[in-house]
> 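A single structure is presented below for examination.
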Amino acid sequence: MQLTPRYKSWVLLALSAGLAACGSDNDSSSSNEVPDIDQPHYVAQLVAPDYSSSQLAMGAVNGDRSATQGLLVKDQSDFGFSTYKGTLYHLGRFEIDTVSRYDSGDLSTARWTYSSRQAGEQASANTYQLVQRSADEGYLIRYGSPLVLKVNPQATQADEFIVASIDLSAYAPEGTDTPRMHQAVIDGDRLFVSMQRLDANWSAQTAYIAVIDLGTLTELDTDPQTTGLAGIALEGSNPGNLALHNGRLYVSSRGDYGSDSGALEVIDTTTYQRTTLADGTTFAQLNENLQDDDASNDVIYHIRDVAIASDQLGFALLSLEQGYTAVSSQVMPFNPQTGTFQTALQQSATALTDLQLSDIEVGPEGRLWLSVSDASAPGLYVVDQDTLTINGDFIELDMPATKIGFLSN
Amino acid sequence: MRYILVLTSTLFSVFCLAEESLDTVTVLGRDDADEQNTVDGRYFSRDQLSQGQTTLADFLQQQSGVQVQSTAALGDPVMVSLQGADPRQTAVLIDGLEAPSNQYGGYDLGLLPLSQIDSVEVSSMHSDASAIGGTVNITTRPPDSAQLDTQVGAYGLRQLSWQQPLNQRTHVRLHHLASANDFDYPVPSPLNAPNARGQQQALNNADYKRYDLGLEQRWPSLRWQLDYQNSRKQYPDYFTNQAQDAHYQQQALSARISGDWHQGDGHQWQLAWRGHDDHYRDRDGNIGLGQQDNRYFGHHINALWRSHFNRGQQRTQLTTRLQQQRYVSRHQLNTASKDCQQVRAACDLLSLRRQLKLQLMQQWQWSPYQLQWSLGQRFIRDDSRTRSGQSEQQQQQWQNGHISLSRQWQGWQGQLSAKRAVRTASLFERFGDRGLLRPSPGLNAERANSLHLDVVITQPWQSRISLFSRWLNDAIVPVYDSRGIGRYENTDAAQVRGLEWQTRSPSYTIGPWQLEASAAGSHYQSHTDSDLKAFAGQQLAGIYHQRWHFTLALQHESQRLQLSHEWADDLYIDRANLIAGDGRRLWQLHYRWQRARWHSGLRINNLTDQRYRDFSNRPARPRDWQIYFSMQF
């Protein structure tokens with residue numbers, strides 16, 4: 001019989017005598033039960049506050065949303081995931097370099113685990129996303145490499161997994177080997193890849209969106225009239241998240257960790273025309289202490305995330321930061337067509353006031369899901385898009401969620 | 001280079017002085033040959049230390065209540081934990097002075113060659129009551145005659161120590177240690193076969209080489225010593241095991257002068273300086289994120305004055321310590337490190353800590369009782385500034401103390417004691433490096449209150465039992481926010497209860513053989529409380545909560561065969577207790593042949609070649625062997 005460490009502790013302490021029992025309870029629960037994935041489920045990547053471990057949480061989108069935790073427990077924290085219908089890909093990032101596939105909500109057994117680093121590549125691939133076009137066609141977005149890899153998620157052997165590669169090394173700033181590709185979306189037969197383009201000192205250079213023709217696996221020139229890089233230059237630096245809705249690609253960029261608030265931009269995926277919806281002046285009322293001579297107390301907002309619920313409603317997540325210290329978050333609803341912003345979501349969903357939020361996603365039922373990253377009371381809130389009020393109970397988690405996603409057949 | 005010049009010129013002057021006729025040397029420290037168990041602590045002599053171990057850490061690892069935290073490769077930092085406390089909560093004293101801690105707040109036990117050590121005392125109470133876990137008190141001593149110690153072993157281990165008295169007062173010592181560290185380990189993602197996860201390969205680029213040169217002179221009431229150390233540690237890429245050239249080079253020069261005199265009362269003083277200059281180079285950017293050519297340098301200055309006053313049955317000791325630690329970092333390939341604006345780029349810092357520690361200790365003896373108490377006051381001033389002029393300061397003061405009452409009976413001793421100990425945040429915890437870890441200038445010290453009951457039995461078996469309970473407040477924990485930016489915070493409290501015991505049989509004669517047996521164990525229970533939900537109600541991470549150790553020794557005239565077994569378990573890798581660590585069941589075999597002027601032997605560690613992951617969840621060192629030879633001339 002294999003004793004758990006905690007059980008051994010009790011047995012041995014009983015033998016060694018003289019000590020009062022004082023065990024610890026662990027509320028984390030794990031389950032091998034396979035959820036009914038015909039009903040949509042949420043998944044959340046949880047990371048320990050000291051980055052010493054990570055796990056996944058999962059629960060139903062509708063009805064009782066309480067989370068099952070203790071799934072895909074790892075002794076490293078740098079994990080992310082991507083979803084495609086009922087399939088979850090667990091992505092080991094920096095110096096982990098694995099992709100594991102879990103089907104039908106069964107997170108107890110990986111269908112396969114393959115490396116996201118190719119033989120001979122010296123640097124960690126640091127894969128941020130697997131964006132899937134069809135059952136047998138996907139693309140690995142690798143932060144540590146200049147190559148996007150075309151992969152076959154149906155591969156039954158490791159040497160069949162990587163099919164081809166697309167070279168984006170032209171975007172690598174001088175002195176670096178990689179353009180720091182961050183996220184991607186597929187619109188029809190084109191892949192849009194955002195690149196942060198950090199130089200050797202980690203300073204953000206002009207960010208770009210590269211557009212790849214998936215038929216030929218070649219990059220499209222989005223502005224043939226001008227020379228230079230073929231992609232779409234962004235106004236905001238350090239792009240974070242992409243949201244595709246009805247032929248429009250929304251890009252949030254957080255800027256730097258100083259006075260640059262970043263931007264929220266939208267790109268027409270047909271004409272590649274780029275429009276700025278928000279920048280450092282749009283929410284100037286949120287900034288604090290800019291007028292005094294002391295720059296260290298300046299509070300400046302950064303545009304951290306974007307999620308689109310409908311043609312008329314989108315959400316931008318703003319992070320208010322004092323230098324490197326995150327103060328609080330604001331969620332700003334807006335009209336994706338006109339770029340008109342409403343008052344902060346916290347006005348109607350008061351439970352969100354003064355919280356630090358790390359991710360916003362629109363769920364399959366059209367509601368907005370938000371991750372509370374405060375490590376003392378981490379969890380998820382759900383907000384109705386019609387009333388902009390909290391829907392249901394707060395979903396308590398043991399650790400902050402860095403990413404929310406959804407599974408549904 | 002300047003260190004070498006200073007050392008060479010000093011050597012010249014000393015060789016001239018050494019020709020003079022000199023008096024008998026006064027030796028500080030105890031002169032016992034065997035292990036001693038008292039309620040105050042455990043004492044291990046040079047004879048025990050030199051029985052085939054490569055390093056001090058190897059030796060301490062075998063003692064109950066001591067857990068050595070080291071990775072598999074020789075040359076990596078080695079930390080020691082006492083009574084289940086974090087290694088940073090353990091004090092290491094060398095000849096009574098606090099050993100120079102690194103910027104992370106711990107002392108690397110690997111820095112002191114075993115051949116320079118005369119004795120080691122492990123105590124949870126008396127040597128330095130300010131230490132939460134306890135104190136490892138190391139005493140150095142020159143040899144009485146020339147001595148050669150050599151050792152070869154698995155994975156390219158080579159060790160050579162030569163100690164040579166030049167006359168009664170002066171001796172020099174040389175020490176060299178090298179290891180290829182090319183043991184097999186499961187590679188997470190082999191360079192040319194990334195899907196062959198866990199493939200066993202010999203570790204690449206892990207060579208370690210180190211040279212020590214020391215010179216010491218002693219007069220009846222004065223002693224000075226000068227040491228130079230140079231080491232180079234190749235940094236392996238554990239992830240892909242690719243061949244590359246990342247390495248860490250360390251140079252250190254230290255000087256120490258100490259003295260004492262007795263005019264009715266006794267007085268001791270010491271002054272020590274240690275300068276270090278370290279380089280980390282990874283010009284190809286194979287390890288971590290980006291290319292590195294970093295320099296870390298600075299110094300420690302320590303001054304101590306201690307006076308003893310004996311009045312009948314009352315003994316009073318007053319100790320004053322002054323310390324200064326200066327730490328400078330330079331990231332030479334990173335232009336952003338000067339203005340410290342990039343969150344992922346490290347920052348060039350100059351940090352300075354100045355510390356004054358006062359301690360009063362009194363002891364009353366009225367047979368068979370002894371009462372002892374101490375009170376300490378510590379004043380600390382920390383400063384840090386960047387090259388672009390940002391600066392931060394903090395001043396703190398803390399009190400610590402202990403009280404103990406012991407009684408002696410026929411054949412056994414008992415002691416009840418209470419302690420309040422404090423660990424102040426290290427420079428790194430307070431000021432970070434701006435490379436994801438931000439300063440936390442308001443960080444409080446960790447404070448612990450503890451109760452101890454120690455019993456030592458000397459007949460018929462020599463045994464020791466310790467019970468303790470410790471309450472820790474404001475534990476310092478790194479906390480990262482959702483953007484991946486971290487800082488140290490006071491978030492945790494913890495309670496630890498423990499039982500430690502050890503017993504050693506007398507020697508039994510069976511025909512021509514003499515048989516000895518010993519056993520030891522440590523059993524801890526811990527419970528954390530935290531503002532962070534994931535860390536509340538858990539066990540302390542990184543500590544084996546259950547540990548047993550057995551030894552059986554057979555001796556026939558000058559030959560001795562010893563078999564040891566260690567069983568350690570109940571370990572969590574992470575604070576959230578999601579990851580249970582591997583238990584370890586290690587067998588060790590040691591054969592030793594002792595003659596009048598020389599001894600030799602063979603030691604095999606991890607005899608059954610158990611493959612397990614250590615406290616850091618890295619693959620531990622597989623089976624290895626060492627053959628040693630030591631001779632006195």
Side-chain angles (χ1 to χ4, degrees), chain A residues 4-6 8-9 12-13 16-20 22-28 48-53 55 70 73 75 94-98 113-115 117-124 158-159 200-203 256-258 319 324-326 356 358 371 373 375-378 398-400 402, chain B residues 188-189 191-195 197 239-240 242 244 285-286 289-291 333-336 341-345 438 467 477-483 485-486 495 497-499 521 523 525 527-528 531-535 537-539 541 545-546 569-580 617:
Chain A
T4 65
R6 194 176 315 281
K8 284 176 189 164
S9 163
L12 289 166
L13 275 171
S16 50
L19 295 175
C22 182
S24 61
D25 296 320
N26 189 341
D27 293 326
S28 296
D50 65 346
Y51 277 19
S52 61
S53 57
Q55 58 176 315
V73 169
D75 65 344
F94 183 66
E95 296 211 333
I96 305 171
D97 288 359
T98 53
T113 297
Y114 299 138
S115 173
R117 188 177 63 78
Q118 296 189 100
E121 286 182 328
Q122 292 185 320
S124 172
D159 56 6
N201 293 322
W202 299 96
S203 295
D256 62 15
Y257 285 85
S319 174
Y324 293 98
T325 305
Q356 290 183 31
S358 55
S371 164
S373 59
S376 60
D398 289 341
M399 298 174 172
T402 55
Chain B
S189 181
L191 179 66
N192 292 313
N195 279 300
R197 287 181 298 280
F239 180 57
T240 66
Q242 62 182 295
Q244 36 83 39
N286 290 307
L289 291 166
Q291 300 168 330
L333 295 182
N334 194 324
T335 54
Q341 292 300 315
Q342 293 305 321
V343 71
R344 277 184 271 200
R438 300 285 303 146
L467 277 166
V477 173
V479 178
Y480 290 83
D481 68 15
S482 62
R483 305 163 303 164
I485 301 174
Q495 183 176 5
R497 298 174 184 185
L499 166 68
H523 315 282
Q525 213 172 49
H527 181 87
T528 61
D531 300 335
L532 309 178
K533 189 176 178 184
F535 299 160
Q538 310 291 1
Q539 285 192 178
H545 282 63
Q546 305 299 331
D569 210 337
D570 199 359
L571 165 77
Y572 279 104
I573 301 298
D574 63 324
R575 285 191 176 85
N577 285 188
L578 289 177
I579 313 292
N617 218 20

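Naming convention: chains lettered A, B, ... in sequence-line order (proteins, then strands); numbering from 1 in each chain.
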> Measure distances from B/Asp531 to the heavy atoms of chain A and classify the residue's part below 4.5 Å as side chain, backbone, both or neither.
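The answer is the backbone of B/Asp531.
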
> Looking only at non-hydrogen atoms, find the nearest pair between B/Pro478 and A/Asp50 and report the distance.
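The answer is O-CB, 3.1 Å.
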
> Among B/Gly521, B/Gly285, B/Ala336, who wins on heavy-atom pairs under 4.5 Å with chain A?
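Top count of heavy-atom pairs under 4.5 Å with chain A: B/Ala336.
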
> Tell me, side chain or backbone of B/Pro188 under 4.5 Å from chain A's heavy atoms, or both, or neither?
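Nothing of B/Pro188, per the 4.5 Å heavy-atom cut-off to chain A.
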
> Measure distances from A/Ser373 to the heavy atoms of chain B and classify the residue's part below 4.5 Å as side chain, backbone, both or neither.
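Answer is side chain: those atoms of A/Ser373 sit under 4.5 Å from chain B.
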
> Answer with side chain, backbone, both or neither: which region of B/Arg197 has an atom nearer than 4.5 Å to a non-hydrogen atom of chain A?
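Just the side chain, heavy atoms under 4.5 Å.
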
> Which bit of A/Thr325 comes within less than 4.5 Å of chain B, counting heavy atoms only: side chain, backbone, both or neither?
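It is both, since atoms from each part get that close.
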
> Quick check: does any side chain N or O of A/Arg117 sit under 3.5 Å from a backbone N or O of B/Ser189, one acting as donor and the other as acceptor?
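Pair found, side chain donor or acceptor close to backbone of B/Ser189.
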
> Find the one option among B/Arg438, B/Gln242, B/Arg483 whose heavy-atom pairs under 4.5 Å with chain A are most numerous.
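Heavy-atom pairs under 4.5 Å are most numerous for B/Arg483.
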
> Is A/Thr402 in contact with chain B via its backbone, its side chain, both, or neither, using a 4.5 Å heavy-atom distance?
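For A/Thr402, no heavy atom lies under 4.5 Å from chain B.
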
> Considering all heavy atoms of both residues, which atom of B/Ile485 and which atom of A/Tyr257 are nearest to each other, and what is their separation?
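For B/Ile485 versus A/Tyr257, the nearest heavy atoms are CD1-CE2, 3.3 Å.
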
> Between A/Tyr114 and chain B, which part of the residue has a heavy atom less than 4.5 Å away: side chain, backbone, both or neither?
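Both backbone and side chain.
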
> Out of curiosity, A/Gln122 CD to B/Asn192 CG, how far, rounded to the nearest 0.5 Å?
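A/Gln122 atom CD to B/Asn192 atom CG measures 9.5 Å (nearest 0.5 Å).
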
> Rounded to the nearest 0.5 Å, what separates atom OG1 in A/Thr98 from atom CG in B/Asn195?
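Those atoms lie 10.5 Å apart.
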
> Atom CE of A/Met399 and atom CG of B/Leu578: how far apart are they, to the nearest 0.5 Å?
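Result: 4.0 Å between the selected atoms.
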
> Just verifying a value: how many Å separate A/Asp75 CG and B/Ile573 CD1, rounded to the nearest 0.5 Å?
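Reported value, rounded in 0.5 Å steps: 7.5 Å.
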
> Distance-only, no hydrogens or angles: does the B/Asp574 side chain make a donor-acceptor pair with backbone N or O of A/Ser52 under 3.5 Å?
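No, because the side chain of B/Asp574 does not come within donor-acceptor range (under 3.5 Å) of the backbone of A/Ser52.
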
